[in-house]
Undergrad: 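Sharing a structure with you now.
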Amino acid sequence: MSNASTYAKRRDRFRSRSIVLGALFALFINTAVVGVAEGASPDYSELADSIRRVMQAQHYNPGELKSAAFDVTSAAVAELAKTAESDEAFVSGFNEIWKSGPFSHVTLAVARQPAAALAEYLDTVRVGDDAVTLSWNDRVAVLTVKTMMGIDTIENISGAFVEIAESDATGLIVDLRENTGGAFAIRPLIAHLIDTPLDAGGFVSQRWYSEHQRTPAEIDILAMEPWNGWSIRAFWSDVQSLPLIRVRFTPAEPRFSGPVVVLTSRRTASAAELATDALQGAKRVTVIGETSAGEMLSQKIFDIPGGFHLSVPIADYYSRTGRRIEGHGIQPDIVVDAAAAMDVALDQFQ
């Protein structure tokens, strides 16, 4: 900055931005796809059978559907089908059962539009400026990102790094404690923190498991051409047609080269876990907080007879070194309660 006065004015402007997003991403998804279906309710036992058939056809590894845990979950859904008296009761009961299911990213909703139309919408959605907030503690920047969804989230992360560069920040805290995932806003978040291309890992599809009896190794991932798209629809198509999707991040300007801390909680999930894993694996950040959710799969939304949408995981994810996030989460470098993580992070810059 040219002088202390200008810096103080800019810092105060950043501090004045409010954080009111909360669970906006979950709300936006529910608003987009959940409603009360009109007409006669379907036969819920037939609906449960349809769900199982779609899952068996689309799951990234059908072998995981042969487990005792999957059988227990399916039996609970079958019992629900016998007692549910409305679409709302079946949907809410199904989602509650799958909260403790054998893998993540399985949800059911009443459809208000075809799945293809919803996918198109997700590629263009803007979630609001409060998804990304930049504040300051002296010259330490605090970048809070509450979803990885939204074109405007991508734009605002890049804009925040311009502000950080202009303010000559001495440190950066990236707060992902309330970030439950989303899509490709991870790209700018990582790109502005690296100076060389970063191969993070790979998404593993049903095609891989149909051709191999093992999980992929680093050599398998690096043999694929990097996937550099931004479209959710294109990703869903490619990840189901290819055995592996190689995830590579390329640097972007302006680059912040100073020390970085990432804050995590038990709610940090999915794409937010991928970003944390990539930066931690590259030894670019110190992770402080709680072990993350361990919910790192990629799901696709399918139309189900009767007017429903079913989200099914179509790809698993392994880091380049073979680390699986699903069911394990990201282990912080410094383990503290999420509520105390910010104070501990600020102490790193004293």
Side-chain angles (χ1 to χ4, degrees), residues 1 10 14 17 122-136 139-176 179 181-203 221-222 224-232 234-235 238 245-264 268 270-287 296 298 317 319-320 330:
M1 296 295 296
R10 176 170 291 152
F14 293 153
R17 297 178 184 177
L122 293 177
D123 269 346
T124 61
V125 68
R126 304 182 78 87
V127 300
D129 289 343
D130 290 326
V132 179
T133 304
L134 182 64
S135 59
W136 293 83
R139 292 178 63 191
V140 175
V142 179
L143 179 61
T144 302
V145 183
K146 292 196 171 183
T147 179
M148 296 301 181
M149 181 63 70
I151 294 174
D152 49 347
T153 302
I154 293 170
E155 296 167 348
N156 290 337
I157 288 174
S158 294
F161 275 100
V162 172
E163 302 272 16
I164 290 167
E166 292 176 351
S167 300
D168 196 22
T170 58
L172 171 62
I173 297 172
V174 179
D175 189 352
L176 301 181
N179 194 315
F184 298 118
I186 57 174
R187 285 201 181 277
L189 182 62
I190 293 175
H192 290 283
L193 296 175
I194 57 177
D195 57 5
T196 59
L198 172 60
D199 281 298
F203 285 96
I221 296 172
L222 296 181
M224 304 297 293
E225 287 295 318
W227 194 91
N228 294 310
W230 293 84
S231 166
I232 295 174
F235 178 81
D238 291 346
I245 291 284
R246 177 181 173 184
V247 179
R248 167 181 274 193
F249 298 98
T250 54
E253 294 294 337
R255 187 177 79 88
F256 179 73
S257 59
V260 182
V261 169
V262 172
L263 307 185
T264 59
T268 306
S270 197
E273 292 183 283
L274 192 162
T276 303
D277 176 76
L279 291 168
Q280 186 184 49
K283 301 188 185 305
R284 183 64 187 89
V285 302
T286 300
V287 180
M296 183 56 244
S298 178
Y317 180 81
S319 68
R320 177 176 165 178
I330 306 299

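In this chain, residues are counted from 1 in sequence order.
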Undergrad: Within the distance-only criterion (no hydrogens, no angle test), does the side chain of D123 pair as donor or acceptor with the backbone N or O of I232 below 3.5 angstrom?
TA: yes

Undergrad: Out of curiosity, I151 CD1 to L122 CG, how far, rounded to the nearest 0.5 Å?
TA: 10.5 Å

Undergrad: Let me confirm one number: the CG-CG distance from N156 to L134, rounded to the nearest 0.5 Å.
TA: 10.5 Å

Undergrad: What are the two closest heavy atoms between R255 and L193, and how far apart are they?
TA: NH1-O, 4.1 Å

Undergrad: Quick check on ring-ring contact (aromatic ring centres under 6.0 Å, His included): which of F256, F161, F249 does H192 satisfy it with?
TA: F161

Undergrad: Nearest 0.5 angstrom please: M149 CE to I154 CD1, how far?
TA: 9.5 Å

Undergrad: For a 4.5 angstrom cut-off between non-hydrogen side-chain atoms, does L222 reach R246?
TA: yes

Undergrad: Taking all non-hydrogen atoms of both residues, which atom of I221 and which atom of G201 are closest, and how far apart?
TA: CG2-O, 3.5 Å

Undergrad: Please confirm whether the backbone N or O of E225 pairs with a side-chain atom of R248, one donor and one acceptor, at under 3.5 Å?
TA: no

Undergrad: Between F203 and L274, is there a side-chain heavy-atom distance shorter than 4.5 Å?
TA: yes

Undergrad: For residues S135 and V142, determine if any side-chain heavy atom of one lies less than 4.5 Å from a side-chain heavy atom of the other.
TA: yes

Undergrad: Going by heavy atoms in the side chains, are V260 and L279 under 4.5 Å from each other?
TA: no

Undergrad: Side-chain contact test, heavy atoms from C-beta onward, threshold under 4.5 Å: evaluate it for V174 versus V285 and give yes or no.
TA: no

Undergrad: What's the spacing between I186 CD1 and L176 CG if we round to 0.5 Å?
TA: 11.0 Å

Undergrad: Using every non-hydrogen atom in the two residues, find where A200 and A278 come nearest and quote the distance to one decimal.
TA: CB-CB, 3.8 Å

Undergrad: Does any non-hydrogen side-chain atom of L189 lie less than 4.5 Å from one of M148?
TA: yes

Undergrad: Show the nearest heavy-atom pair for residues P188 and F184, with the distance to one decimal.
TA: CD-O, 3.6 Å

Undergrad: Between A272 and T268, which heavy-atom pair has the shortest distance, and what is it?
TA: CB-CG2, 3.8 Å

Undergrad: How far does CG of N179 sit from OG1 of T147, to the nearest 0.5 angstrom?
TA: 6.0 Å

Undergrad: Donor-acceptor pair, distance only, cut-off 3.5 Å: does the side chain of S167 make one with the backbone of A169?
TA: no

Undergrad: With side chains defined as the heavy atoms from C-beta onward, is the minimum distance between M224 and I245 less than 4.5 Å?
TA: no

Undergrad: Looking at every non-hydrogen atom in both residues, tell me the closest pair between I164 and A141 and how far apart they are.
TA: CG1-CB, 3.9 Å

Undergrad: What's the spacing between L198 CG and R284 CZ if we round to 0.5 Å?
TA: 11.0 Å

